[in-house]
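Each remark here refers to the structure printed beneath this line.
Numbering of residues begins at 1 and proceeds along the displayed sequence.
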Amino acid sequence: EVQLLESGGALVQAGGSLRLTCAASGFTFDEYTIGWFRQAPGREREAVSCISTGDDSTAYQDSLKDRFTITVDRARDTAYLQINNLKPEDTAIYYCAATYGVGCKFYSTPSYYNYWGQGTQVTVSS
């Protein structure tokens, strides 16, 4: 059974940092592309970042790439999203998702992904 389990969300003050974790199981990690999305109350789910675990290619939403970093640890079948200089507008539920195949070409399209985690809440206070 494929599972994605996010963790690391918290209540933090603006300017702080968080590292979100996406622990994967039930599939061959190196054959998948991992994406991070977020959804704020009353807003549509938006793509944050993507990493192709096979070749480490990445993609970011342009407005976030200076503060967000996506990485993977293949030994642990885990993806991470490092967020620095958090802002109140970063408040959202953060989801990781996985799709078979290599590449982030269509990373911003939710339907591109086959599997989703349950999300982890990030709240940034001003």
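- Judged by distance alone, the side chain of Q39 and the main-chain N or O of I93 form no donor-acceptor pair under 3.5 Å.
- Distance check: L18 CG to L86 CG gives 5.0 Å after rounding to the nearest 0.5 Å.
- Using modelled atom types, one side-chain atom of Y107 and one backbone atom of Q61 make a donor-acceptor pair closer than 3.5 Å.
- D30 and T53 share no side-chain donor-acceptor pair at under 3.5 Å.
- Under the 4.5 Å side-chain contact rule for hydrophobic residues, L81 and Y112 do not share a cluster.
- Side-chain heavy atoms closer than 4.5 Å link hydrophobic residues (I, L, V, M, F, W, Y) into clusters, and following such links, possibly through other members, connects V2 to V72.
- For the pair N85 and D90, the tightest heavy-atom approach, listed with the atom from each and the gap, is O-OD2, 4.4 Å.
- Qualifying side-chain contact (heavy atoms from CB on, under 4.5 Å) partners for S7, counting only residues two or more places apart in sequence or in other chains: T21.
- Heavy-atom contacts from other residues, nucleotides or ligands closer than 6.0 Å to CZ of R76 number 12 or fewer.
- Between I70 atom CD1 and C50 atom SG the span is 6.0 Å, to the nearest 0.5 Å.
- No option in T33, T69, I34 other than I34 meets the side-chain contact (heavy atoms from CB on, under 4.5 Å) test with I51.
- With rounding to the nearest 0.5 angstrom, the CZ atom of F68 is 8.0 Å from the OG atom of S63.
- In this structure, the side chain of E6 does not engage the main chain of T120 through any donor-acceptor pair within 3.5 Å.
- Two residues are said to be in side-chain contact when any heavy atoms from C-beta on lie closer than 4.5 Å; D56 and R74 meet this criterion.
- Across every non-hydrogen atom of C104 and S52, the tightest pair is SG-N, 3.8 Å.
- In this structure, CD on Q13 lies 9.5 Å from OG on S126, to the nearest 0.5 angstrom.
- Hydrophobic clustering, with ILVMFWY side chains joined whenever heavy atoms are under 4.5 angstrom apart, keeps Y115 apart from F106.
- A continuous path of hydrophobic side-chain contacts links Y94 to V124 [ILVMFWY only; heavy atoms under 4.5 Å].
- Taking CG of L11 as the start and CD of Q121 as the end, the distance is 9.5 Å to the nearest 0.5 Å.
- Judged as a ring pair (Phe, Tyr, Trp, His ring centres under 6.0 Å), the pairs with a partner in residues 13-54 (not counting sequence neighbours) are, in order, F27-Y32, Y32-Y100, F37-Y113, F37-W116.
- Once rounded to the nearest 0.5 Å, the distance linking CG of L4 with CD of Q118 reads 9.0 Å.
- When side chains are defined from C-beta on, V122 does not count as touching R38, because their heavy atoms never get closer than 4.5 Å.
- Between the side chain of S108 and the main chain of A47, no donor-acceptor pair closer than 3.5 Å is present.
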